Amino acid sequence: MTTPGRDWSAEAGYDPMRQFSELAGDVRDPYPMFAGIRADTPVLHVHLGPGSGGGSQLDRQAPRVTSVFTVTSHELAQQVLTDHERFSSAGYATTIGQVLGRSILVMDPPEHLRHRALVARAFRARALDQWSDAIIGATISELIDAFALEGHADLVPQLTFPFPVRVIARILGLPEADWPRFLQLSTELIAVMRNWDRAVAAGQELRGYFAEIIADRRRHSRDDLVSQLVEAEVDGHRLGDEEIYPFLLLLLPAGAETTYRSSSNLLFGLLCQPDVLDAVRADRDLVPQAIEEALRWETPLLTIARLATEEVELGGVCVPAGSFVAVALGAANRDPKRYAEPDTFDIFREPTPHISFGDGAHKCLGMHLARLEMRVLLTAVLDRLPGLRLDPAADDPHIHGLLFRSPPNLPVRFDPA
Ligand code: HEM
């Protein structure tokens with residue numbers, strides 16, 4: 001896998017971590033704002049005006065949104081996400097769909113159901129065991145090996161940022177020699193909100209690369225996800241290349257960015273409560289509830305979008321046909337009607353499901369994989385980094401972001417192995 005003229009190992013002037021940090025924005029705590037909106041009205045209507053939204057490269061390409069209805073309660077978030085007739089996912093086709101192509105994310109039932117059935121098998125909880133040690137465990141171990149002897153690290157650039165995209169490269173069965181280019185193009189694709197043109201170019205290049213891989217797997221089936229997709233069959237229908245590309249591209253923003261951010265948030269929550277970190281280290285049965293609480297407390301993806309297909313009354317507010325509806329997952333996860341003391345990271349709270357993976361037909365296809373990745377990561381960190389603590393000299397560790405949320409850095413110290 002070679003591209004003339006580009007040096008994949010050292011891309012001068014392009015720092016993916018900086019891109020991601022900037023993309024998150026420096027909003028430290030949007031939750032008081034959401035609480036204020038929720039207390040005021042169940043559905044906030046904002047007129048943006050005809051000329052608003054300009055400036056970024058994404059805005060130049062995306063259609064003008066003139067009016068947004070934001071849902072902040074858990075009940076209404078569920079209502080929107082499970083009513084596919086009145087709240088369509090088709091709006092993604094004019095935003096992220098321009099980069100990914102027509103993936104399941106933009107489809108509505110029944111088309112969505114047919115396509116999702118073809119790719120769902122590989123992501124069922126039972127199917128994931130095959131990836132647990134050989135792929136996820138091995139990837140995390142290699143990254144920790146690189147700093148375990150040093151006694152200090154920044155866990156975002158050295159662990160949580162690189163691991164999910166490497167896991168995807170391995171799940172897809174990409175040859176190791178191709179990884180530097182794949183990782184670079186993936187990062188460019190994921191940074192779509194920051195640099196539209198670069199993301200479009202990366203998407204096109206990845207399609208070309210996937211074409212070679214798919215052709216190879218059609219000739220020689222292997223034990224990897226691309227082979228499974230090539231062979232998947234439901235009701236006599238098989239996926240063509242044009243259906244496989246968008247799905248493979250979708251895995252990068254959907255599966256890599258979210259998991260890097262959710263893993264960072266989990267570690268941040270625990271590092272800020274050393275007694276809870278010790279409790280989890282001593283009793284690994286607490287790991288799953290720590291993961292669920294981290295996902296609820298700081299969801300990596302704060303808001304998802306729908307389009308109203310007809311005029312609809314939502315929480316007493318009239319939403320006209322064609323309106324953009326923003327479902328604030330992060331706000332729904334902190335709805336005081338559902339969670340006591342919602343702003344507190346409390347791994348011992350009464351278990352109550354969160355909405356970080358969405359709901360309805362589009363509920364995250366990779367949620368079992370994401371949970372598994374977070375579990376393997378936390379277990380490895382606890383096993384291999386004894387005495388783990390936030391670096392006392394750390395400069396203002398925090399979570400930030402209004403669209404995506406996670407800490408830009410996690411400087412830590414530990415007892416060297
Ligand atoms: C903590 C990590 C993750 C979070 C918070 C998350 C969140 C979400 C959410 C909210 C949706 C619904 C989007 C919508 O309805 O508009 C979604 C869909 C999706 N996710 Fe995830 N995700 C995570 C990890 C993953 C992983 C690891 C993968 C796979 C490698 C993945 C693959 C997908 C796919 C393919 C969809 C589209 C499903 C559909 O449209 O039917 N996600 N995710």
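Owing to the predicted nature of the structure, the values given are computational and were not obtained by experimental measurement. We count ligands from 1, going down the list as the structure has it; atoms in each ligand are counted the same way.
For the pair S262 and ligand 1, the shortest N or O to N or O distance does not fall below 3.5 Å. Inclusion of R116 in the set of residues having an N or O under 3.5 Å from an N or O of ligand 1 is warranted. At a 3.5 angstrom cut-off on N or O pairs, Y92 counts as close to ligand 1. The distance criterion of under 3.5 Å between nitrogen or oxygen atoms is met by R306 with respect to ligand 1. Checked by distance only, ligand 1 and H112 come closer than 3.5 Å through their nitrogen or oxygen atoms.
In this structure, L44 CG and F34 CZ are separated by 10.0 Å, a value rounded to the nearest 0.5 Å. Note that the OG1 atom of T160 and the CZ atom of F268 stand 12.5 Å from one another [nearest 0.5 Å].
With ring centers used as reference points, F210 lies 6.0 Å or more from Y245.
Donor-acceptor pairing under 3.5 Å is lacking for the side chains of Q98 and Y92. Judged purely by distance below 3.5 Å, without hydrogens or angles, the side chains of R284 and T379 never pair a donor atom with an acceptor atom.
Counting only distance, with no hydrogens or angles, the side chain of N265 and the backbone of L295 share no donor-acceptor pair below 3.5 Å.
Residue L329 places a heavy atom less than 4.0 Å from ligand 1. Ligand 1 has at least one atom lying under 4.0 Å from a heavy atom of L295.
Scanning for ring pair (Phe, Tyr, Trp, His ring centres under 6.0 Å) contacts around H152 gives an empty result, with sequence neighbours left out.
Listed by chain and number, the protein atoms of type N/O/S under 2.8 Å from atom 21 (Fe) of ligand 1 are C364 SG; waters are omitted.
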